[in-house]
Amino acid sequence: MLTPPLSPPSRMENVVRLTRTLQATAAVAVLLAATACGSSDSGGSSSSTGLNPPDLKAQSKLGKTEGQVNLVAWAGYVEDGSNDPKTDWVSDFEKQSGCQVNSKVAASSDEMVKLMKTGQYDAVSASGDASLRLIASGDAAPVNTDLVPNYQDVFSGLKKQAWNSVDGTPYGIPHGRGANLLMYNTQKVKPAPTSWSAVFDDASRYKGHVTAYDSPIYIADAALYLKATKPELKIKDPYALDQKQFDAAVALLKKQNANVGEYWGDYLKEISAFKSGDSVVGTTWQVIANLAADEGAKVKAVVPKEGSTGWSDTWMVSAKAKHPNCAYKWLDWIISPKVNAQVAEYFGEAPANAKACDETSDKNFCDTFHATEESYWKDTAFWNTPIEQCLDGRTDVKCVPYAKWVQAWTEIKG
């Protein structure tokens, strides 16, 4: 857990969203090998994405609750008042469901995957760089959304997506989402940028003052830019890169490296850098842009014309869950309007439940985080896990798996 900021206490809760800055960078130890994603003994049928998950069945009906549920979650998702007496959505769940909540905060997607493999946990709040691994390995079971009544109010743009489903079969319940934005100093970056070229092809204009997200998954940001600017590469999905496409993205990032002043892995440092002028343009999150502006930085954040990458978290049920009925009760509870609103505001993300926007304490919250604007999200390429079986459906080539992204990121940074 990062040290809480010294800014006003009302902002301290946002540290939990930002503990994820280093989570993707450690993704080596438990990455899926390509063979694990399409093993011949899995029993699964071939997916349009090339992913062959084991032939698991979703729970058909709810039974008697088991008295407890064991959860793996990001910090800030399972709050019981022990961190802040005013922040508690677990106690009421325990009273209403009879399920005692036992939770473990994970520091990374890799840790989540590792913990879920033990079979000791019933559900997990997985990001897109973990969810596909859990599906492919058979550690996450398909989810029966009929057993989660609040699912009907989840924004359509979050349902049955590439990171939480396979061929229309849902493997989890969407929790929230956010986009990776372009932030710039309004006094030093003119005219106002509308393209990611500001940090790539035109980055030399701001040499030494460009900042970038410190993670191998950032390679997808370069691929997204090349998708728009180098159509000859025929990039369809920034997480499905064959060797030629991958090499082009890596080359672009190595070129960018000469202009980068800092790769940020701590949001406090990014805010400080924009306040001091050390950084004037780079990638960010909406919550960081808000905090930076609140602290006096002359910044704006936009979605460039090429679109953006982003993240969406999914509550998934373990295929080995010992308390599946309590797990389903939790899935429905955590996306219920009032609770989903509480989590979204505490965490700094757009809620998944459309009705949550009527429950936020800040009535402008959903506008600030573009929660109801599906048009805002249509060009967001949400984090996914690159595997050899190309996620864009190609079968005539192999794509570069995430382990290679990790290796390349070390080379990019020199």
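These numbers were taken from a predicted model, which means no experiment stands behind them.
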query: Hey, does K322 have a side-chain heavy atom less than 4.5 Å from the side chain of N70?
result: no
message: So for atom NZ, which belongs to K320, do other residues, nucleotides or ligands contribute more than 12 heavy atoms lying within a distance under 6.0 Å?
response: yes
Flag for D214-W409: side-chain donor and acceptor within less than 3.5 Å: yes
- request: Specify the closest pair of heavy atoms between Y218 and L253, including all atoms of both residues, with the distance to one decimal.
  value: CE2-CD2, 3.5 Å
statement: All heavy atoms of L182 vs all of A198, minimum pair found to be CD2-CB, 4.4 Å
- request: Evaluate salt bridge (Lys or Arg N to Asp or Glu O under 4.0 Å) for K254 paired with D247, printing each intermediate quantity in order.
  value: CA-CA 10 Å; K254 286 182 176 179; D247 290 346; over 6 Å; no
message: Quick one: does any side-chain atom of S276 pair with a main-chain N or O of A273 as donor and acceptor, under 3.5 Å?
response: yes
query: Can you find a pair of side-chain heavy atoms, one from S215 and one from Y263, that are under 4.5 Å apart?
result: no
task: Give a yes or no on this: more than 12 heavy atoms of other residues, nucleotides or ligands lie within 6.0 Å of atom NZ of K363.
output: yes
- request: Answer whether the closest heavy-atom distance between the side chains of D139 and Y121 falls below 4.5 Å.
  value: no
- prompt: With side chains defined as the heavy atoms from C-beta onward, is the minimum distance between W285 and E349 less than 4.5 Å?
  reply: no
- prompt: Given side chains that start at C-beta, do those of I173 and T145 come closer than 4.5 Å, heavy atoms only?
  reply: yes
Donor-acceptor contact below 3.5 Å, side chain Q245 vs main chain D242: yes
query: Rounded to the nearest 0.5 Å, what separation is found between the NE2 atom of H209 and the CG atom of N185?
result: 10.5 Å
- prompt: Do the non-hydrogen side-chain atoms of K159 and Y151 ever get within less than 4.5 Å of each other?
  reply: yes
task: Scan side-chain atoms only and decide if N150 and D332 contain a donor-acceptor pair under the 3.5 Å cut-off.
output: yes
- request: Starting at OG1 of T360, measure out to CD of Q342 and round the result to the nearest 0.5 Å.
  value: 11.0 Å
task: Go through the steps to decide whether L233 and K244 satisfy the test side-chain contact (heavy atoms from CB on, under 4.5 Å), and finish with yes or no.
output: CA-CA 8 Å; L233 289 171; K244 181 179 179 181; 4.3 Å; yes
- request: With side-chain contact (heavy atoms from CB on, under 4.5 Å) as the test, would you mind laying out the steps for C399 and L391 before giving the verdict?
  value: CA-CA 8 Å; C399 282; L391 298 176; over 6 Å; no
message: Could you check whether any side-chain N or O of W405 sits under 3.5 Å from a backbone N or O of V400, counting only pairs where one atom can act as donor and the other as acceptor?
response: yes
message: So E270 and S279, do their side chains get closer than 4.5 Å, heavy atoms only?
response: no
message: Show, in sequence, the C-alpha distance, side-chain angles and deciding distance for Y225 and L252, and conclude whether the side-chain contact (heavy atoms from CB on, under 4.5 Å) test is met.
response: CA-CA 10 Å; Y225 177 67; L252 180 62; 3.7 Å; yes
statement: CG (D278) and NZ (K269) are apart, to the nearest 0.5 Å, by 12.5 Å
field: Flag, side chain of E345 to backbone of D362, donor-acceptor distance under 3.5 Å
entry: yes
task: Nearest 0.5 Å please: distance from the CD1 atom of I271 over to the OG1 atom of T284.
output: 8.0 Å
query: Would you call the rings of F382 and W377 parallel, tilted or perpendicular, where under 30° means parallel and over 60° means perpendicular?
result: parallel
- prompt: For D313 and S127, what are the C-alpha separation, side-chain angles and deciding distance, and is it a side chain to side chain donor-acceptor pair (under 3.5 Å)?
  reply: CA-CA 4 Å; D313 294 337; S127 294; 2.6 Å; yes
query: Does D122 reach the main-chain N or O of A327 with its side chain, forming a donor-acceptor pair under 3.5 Å?
result: no
message: According to side chain to side chain contact (heavy atoms under 4.5 Å, CB included), who are the partners of K227, at least two apart in sequence or on a separate chain?
response: I235
message: Test: disulfide (SG to SG under 2.5 Å). Region: residues 147-185. Which pairs qualify, not counting sequence neighbours?
response: none
message: Within this structure, what is the CD-NZ distance for the pair E373 and K378, rounded to the nearest 0.5 Å?
response: 12.0 Å
query: Does NZ or CZ of K404 fall inside the cone over F246's six-membered ring, less than 6.0 Å from its centre and within 45° of the axis?
result: no
- prompt: Picking from I135, L134, L132, D167, what satisfies side chain to side chain contact (heavy atoms under 4.5 Å, CB included) with P53?
  reply: I135
statement: Paired with Q59, the side-chain hydrogen bond (donor to acceptor under 3.5 Å, both in side chains) test is passed by just one of N144, D146, N325, namely N325
- prompt: With distance as the sole test, does W163 use its side chain to make a donor-acceptor pair with the main-chain N or O of S131 at under 3.5 Å?
  reply: no
field: Test item: E94 side-chain N/O and V101 main-chain N/O as donor-acceptor pair under 3.5 Å
entry: yes
field: Pairwise distance CE(M316) to OG1(T314) - rounded to 0.5 angstrom
entry: 6.5 Å
- prompt: Between the side chain of D153 and the main-chain N/O of A354, is any donor-acceptor distance below 3.5 Å?
  reply: no
field: Contact check, side chains of R133 and D110, non-hydrogen atoms, under 4.5 Å
entry: yes
- prompt: Can you check whether Y239's main-chain N or O pairs, donor with acceptor, with W383's side chain at less than 3.5 Å?
  reply: no
task: Test side-chain contact (heavy atoms from CB on, under 4.5 Å) on I219 and I412 and set out the steps.
output: CA-CA 10 Å; I219 294 172; I412 288 164; 4.2 Å; yes
- prompt: Counting only heavy atoms not in K413, do more than 12 sit closer than 6.0 Å to its NZ atom?
  reply: yes
- request: Taking T385 for its side chain and G128 for its backbone only, find out whether a donor-acceptor pair lies under 3.5 Å.
  value: yes
- request: Could you walk me through whether Q161 and S312 pass side chain to side chain donor-acceptor pair (under 3.5 Å), step by step?
  value: CA-CA 10 Å; Q161 297 299 316; S312 173; over 6 Å; no
task: Before accepting this row, confirm whether a basic side-chain N of the pair R177/E374 lies closer than 4.0 Å to the acidic partner's carboxylate O.
output: yes
- request: Given side chain to side chain donor-acceptor pair (under 3.5 Å), test T309 with N180 step by step and report yes or no.
  value: CA-CA 6 Å; T309 58; N180 297 317; 2.7 Å; yes
